[in-house]
Amino acid sequence: MRKLAVLNLMAIVVLVLVACKGPTTTVAPTPTTAPTVAAGAIKAEEATPTPVAVEVSKYNEAPMLAELVAAGKLPPVDERLPETPLITAPRESIGKYGGTLYTASWWPGVGNVLLYISEPPIKWKADLTGYEPGLAESYEWSSDGKTFTLHLRKGLKWSDGTPYTTQDWKFWWEDIAKNEDYKVVSVPAWLRNEDGTPIDMEFPDEYTVVWKSKDRPLWIDPYYMAQGFWEFANPMMKPFHYLKQFHPKYNPNASYEDLEKADKWWENPDFPCLFAWCCHERFEDGSRIIFARNPYYWRVDTEGNQLPYIDYIDIEIVADEQVRLLNCSQGKYDTAFRICGSPNDIPFLLEQASSGGYHLMKGWMNGAGAWPGYMVNQYYVEGGKNYPDDTPERAAEIRNILRDKRFRRALSIGFDRQRIIDVAWNGIGEPKAATISPQSWHFASPEGQEVFKRWAESYAYFDAEEANALLDEIGMVDADGDGWRDLPSGKPFTLIIDVTDWGGSLKVQTDAAAEVEVEWEKNLKLQVEVNNLQGQPDVDTRTNEGYYMLRAAHISEIDIWTYPDWIFPIVNRYMFPLEGRWFARGGEQCTPTEGQPYSCGVKPEPGSPAARLQELYRKGRATATIEDRHKVVWEAVDVIIEEGPFVIGVAGDQQMPVIVKDYMRNILDYGVVGPWAPATPGNQVPAQWWMDK
C-alpha cells in the first residue's frame with residue numbers, strides 16, 4: 001500500500017519521557033497562527049506538516065468528570081481514552097476547564113453550531129492548506145487508487161463508553177445506507193462505482209475499514225467526509241448498540257419511523273456521539289439546545305489534559321436576524337460565527353464592541369469568489385415563459401447570444417464594479433472577476449497564486465466603448481429605433497436577471513442587481529429586468545431546467561474536487577445545467593423520457609467549453625497526487641479565461657462580522673464562513689477553546 005496525502009506530510013516525531021510509561025499518542029499539528037494579509041488577499045502557504053508521536057503517562061480531566069469518577073459513576077480518564085489519543089497543541093496556551101459557551105442559531109437544526117462540533121475521520125487543517133487525520137488514526141490508498149483503507153483509533157469509545165469499531169461502520173453501510181426501505185440515508189455518489197452501483201466495503205477487523213471500487217480510483221472520495229456535518233456526522237455516525245433497538249431488522253416491534261426519530265444526534269440526548277460535546281438537553285418549545293462535554297472524547301492537550309476545556313455549549317434559536325444582530329451587539333454570545341448579519345453590519349458591531357465586551361475577528365472572511373456574481377446560462381431553452389412567444393426558435397437565438405463569449409465579455413466590462421460595491425456593500429470588497437474562494441488550497445503555491453490572479457483580473461475592468469464594440473460585432477443593434485439593442489434578427493430583447501437571497505442577504509442581491517440594471521442600460525443600451533424570485537417555488541427549476549438567462553449567485557469553494565460544480569459541469573445546475581445533466585445521467589447511456597426533450601440533458605459539442613471542462617474533470621478524478629490535481633484545476637481555469645467568463649463577477653471575499661468575547665482564548669483569527677464545506681470553525685478544533693475569566 002502506498003501512503004498518500006496526510007501520511008506524506010508527517011514530518012516530526014517528539015518523544016517526551018516521564019516517570020511512568022504511558023500509552024503512545026498521536027500529535028495533531030499546532031493550529032497555524034493567523035497570517036498577516038490584507039483583507040481578501042490570497043493565503044499563499046504550502047500545506048502544514050502533521051507531527052506524529054509523543055508519550056505521556058498521566059492524563060488529567062475536567063472537575064465535573066473527576067467528581068463522577070470519585071463517585072464511582074465513571075471510569076478513570078486513562079480507561080476512557082483510546083490507546084492513541086490525539087494530542088492537540090493549543091494555539092496560544094494550555095486552557096482552564098469549565099464554563100458554558102453561549103451562542104445561537106436561526107433554525108432548530110443548529111447547523112452553524114454543528115460545524116463547531118462535528119469531527120470526521122478526515123478533517124481540514126486549521127489553515128485550510130490540506131487534510132489530516134481526525135477521528136481516524138490514519139489512512140492510505142493502493143497504488144491504483146481503487147482501494148482505500150481507513151484505520152480507526154483502537155480503544156476509542158462512544159460518549160456512553162461503548163467501543164467504536166467497524167461494527168458501527170458495517171451497520172451504517174449494510175443496514176442503513178444500502179437499505180432501500182430506509183429512505184433517510186442512502187449511498188452517496190462518492191461511494192459508488194462508475195456504473196452507479198455501490199462500491200464494496202470490507203471490515204477485516206475491528207479497526208480497519210476498506211473501500212474497494214471496481215472501475216475507478218478513489219483518490220478524492222475520502223475527502224468528502226471532511227466537508228461538513230452533512231457528509232459524515234449526520235449520515236454515517238451510527239452507533240449500532242443504540243440504534244439497533246429502533247431498527248426493524250433487529251427489533252420486529254420497531255419501525256423505520258422510530259429509527260428516523262431516534263437517528264438525530266444533534267437533538268436526541270440519548271444518542272451517543274463521538275465528538276467533544278454531545279446533545280445533552282433539547283427544550284420542548286424548540287428555543288434552546290444544550291450540548292455537554294463527552295467524557296470519552298479522544299483528544300488531549302500537550303500536558304495530558306483531556307479536552308474539551310469548555311463544559312457546555314448553550315444554543316438559543318433566534319429566527320429573527322435583527323434580534324440576533326442586537327444580541328450580538330450586546331455581547332450576549334461568547335462566539336458568533338454566521339449569526340451577526342452581513343459585512344454591512346460591521347460598523348454597528350464595532351461601535352458596540354467595548355460595551356459588549358467582545359471584539360471583531362479581522363481575519364475571518366466570507367471566502368466568496370463572487371458575491372454577487374451573475375451566472376450566464378449556457379444552454380437557454382424554452383419553458384421559462386420569459387417572453388409571450390416562448391418558442392424553441394426564440395430560445396435558440398437567445399441561447400446563441402448567451403453562449404457567445406463576446407456578449408458575456410461585453411457584460412463583464414460594461415459596468416463599474418466599484419459603483420456596485422459602493423451601493424450594495426458600502427464600499428466593502430474588492431472589484432474582481434468571478435472565481436472560487438481566494439483561500440482555496442488549489443492556489444496556495446506561488447504558481448497557483450499567479451493562476452488565481454489572472455482569473456480574478458480577467459475581463460474585470462470597465463470599458464464601455466470596448467463593450468459596445470463587441471455588441472455591435474455580434475449584430476445586436478437598435479433595429480426598431482426604440483433606444484434599446486435588439487437580437488441580431490431584429491426582435492426585441494430583454495435581459496432577465498433572476499435574484500434571491502443567495503449568500504444570505506436579499507437586500508445586497510437586490511441592491512446590486514438594481515444598480516447593475518442601471519449600469520447596463522446606461523452604458524450598453526441593453527434593456528434589463530430584475531426578476532425577484534425570493535420564496536418562489538420555481539427558482540431552482542428555472543436554473544436546473546435551463547430556463548433562466550442570468551442568475552445572481554454567491555460563489556465560493558475551497559476544494560473544487562469535492563464540490564466541482566463551479567468549474568466542472570457535471571450536474572444540472574449553475575452555468576451549464578443541461579450539459580451537466582447529460583454528464584450526471586451517464587451521457588449516451590441515458591434513456592430519454594418521452595415528451596421531455598431535455599430529460600437526458602444536452603451532449604456538449606466536441607471542443608466546446610463544457611466538453612473540455614468535463615474531460616478535465618475526468619482527468620482530475622484519475623490523478624493520484626494532490627499537487628497534480630491542483631494543476632488540472634489550473635488547466636480548467638485557463639479554459640474559463642479563454643472561453644469565458646461564464647459568471648459575471650462584481651466583488652468578492654468581504655470581511656465578515658465574526659465576533660468573540662474578550663475572554664475567549666485559542667481561537668485562530670483566520671477562516672472563511674461563506675463556504676460551509678470546510679466546516680469552519682470546527683476545522684481548528686474548538687475543543688481547545690477556553691474562557692479566561
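Keep in mind that this is a model prediction, so the values were computed, not measured.
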Contact between Ser412 and Arg417 at the side-chain level, heavy atoms closer than 4.5 Å - yes or no?
yes

Pair [X] + [Y], salt bridge at N-O below 4.0 Å:
| X | Y | answer |
| --- | --- | --- |
| Lys507 | Asp511 | yes |
| Lys362 | Asp669 | no |
| Lys432 | Glu457 | no |
| Glu519 | Lys522 | yes |
| Glu635 | Lys619 | yes |
| Arg216 | Asp221 | yes |
| Asp638 | Arg454 | yes |
| Arg621 | Glu194 | yes |

Return the orientation label for the Tyr617 and Phe583 ring planes: parallel under 30°, perpendicular over 60°, tilted otherwise.
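Answer is perpendicular, since the angle exceeds 60°.
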
What is the ring orientation for Trp141 with Tyr139, classed by angle as parallel under 30°, tilted 30 to 60°, or perpendicular over 60°?
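Geometry flag for Tyr139 against Trp141: perpendicular rings.
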
Going by atom types only, do [X] and [Y] share a side-chain donor-acceptor pair under 3.5 Å?
| X | Y | value |
| --- | --- | --- |
| Asn531 | Asp498 | yes |
| Tyr116 | Thr335 | yes |
| Trp190 | Glu231 | yes |
| Thr543 | Asp540 | no |
| Gln439 | Tyr670 | no |
| Glu132 | Trp124 | no |
| Arg542 | Asn386 | yes |

Write down the atom of [X], the atom of [Y], and the distance for their closest heavy-atom approach.
| X | Y | value |
| --- | --- | --- |
| Ala679 | Ala226 | CB-O, 4.4 Å |
| Asn377 | Tyr380 | ND2-CA, 3.3 Å |
| Pro133 | Lys123 | O-CG, 4.2 Å |

Under the ring pair (Phe, Tyr, Trp, His ring centres under 6.0 Å) test, residues paired with Tyr374 that sit two or more places apart
none

Atom [atom1] of [X] and atom [atom2] of [Y]: how far apart are they, to the nearest 0.5 Å?
| X | Y | atom1 | atom2 | answer |
| --- | --- | --- | --- | --- |
| Leu533 | Tyr548 | CG | OH | 13.0 Å |
| Asn468 | Asn523 | CG | CG | 8.0 Å |
| Gln527 | Arg485 | CD | CZ | 13.5 Å |
| Leu613 | Ser608 | CG | OG | 8.5 Å |
| Leu360 | Ile659 | CG | CD1 | 8.0 Å |
| Ser445 | Lys631 | OG | NZ | 9.0 Å |

Using the salt bridge (Lys or Arg N to Asp or Glu O under 4.0 Å) definition, which of the options Arg403, Arg612, Arg573 pairs with Glu579?
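Answer to the salt bridge (Lys or Arg N to Asp or Glu O under 4.0 Å) test with Glu579 among Arg403, Arg612, Arg573: Arg403.
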
Any residue meeting side chain to side chain contact (heavy atoms under 4.5 Å, CB included) with Glu615, in chain and number order, not counting sequence neighbours:
Arg618

Could you list the donor-acceptor pairs under 3.5 angstrom formed by side chains in residues 336-343, with sequence neighbours left out?
{"from": "Arg338", "atom 1": "NE", "to": "Val673", "atom 2": "O", "distance (Å)": "3.0"}
{"from": "Arg338", "atom 1": "NH1", "to": "Thr680", "atom 2": "O", "distance (Å)": "2.6"}
{"from": "Arg338", "atom 1": "NH2", "to": "Val673", "atom 2": "O", "distance (Å)": "3.4"}
{"from": "Arg338", "atom 1": "NH2", "to": "Thr680", "atom 2": "O", "distance (Å)": "3.4"}
{"from": "Arg338", "atom 1": "NH2", "to": "Thr680", "atom 2": "OG1", "distance (Å)": "2.9"}
{"from": "Ser342", "atom 1": "OG", "to": "Asn344", "atom 2": "N", "distance (Å)": "3.2"}

Quick one: are the ring centres of [X] and [Y] less than 6.0 Å apart?
| X | Y | value |
| --- | --- | --- |
| His554 | Trp371 | yes |
| Phe646 | Phe576 | yes |
| Tyr574 | Trp566 | yes |
| Tyr131 | Trp441 | yes |

Within the supplied structure, the quantity of interest is the number of heavy atoms (other residues, nucleotides, ligands) at a distance under 6.0 Å from Lys405 NZ; does it exceed 12?
yes

Please confirm whether the backbone N or O of Glu466 pairs with a side-chain atom of Asp463, one donor and one acceptor, at under 3.5 Å?
yes

So Val633 and Trp561, side chain to side chain contact (heavy atoms under 4.5 Å, CB included) or not? Walk me through it.
CA-CA 9 Å; Val633 173; Trp561 292 115; 3.4 Å; yes

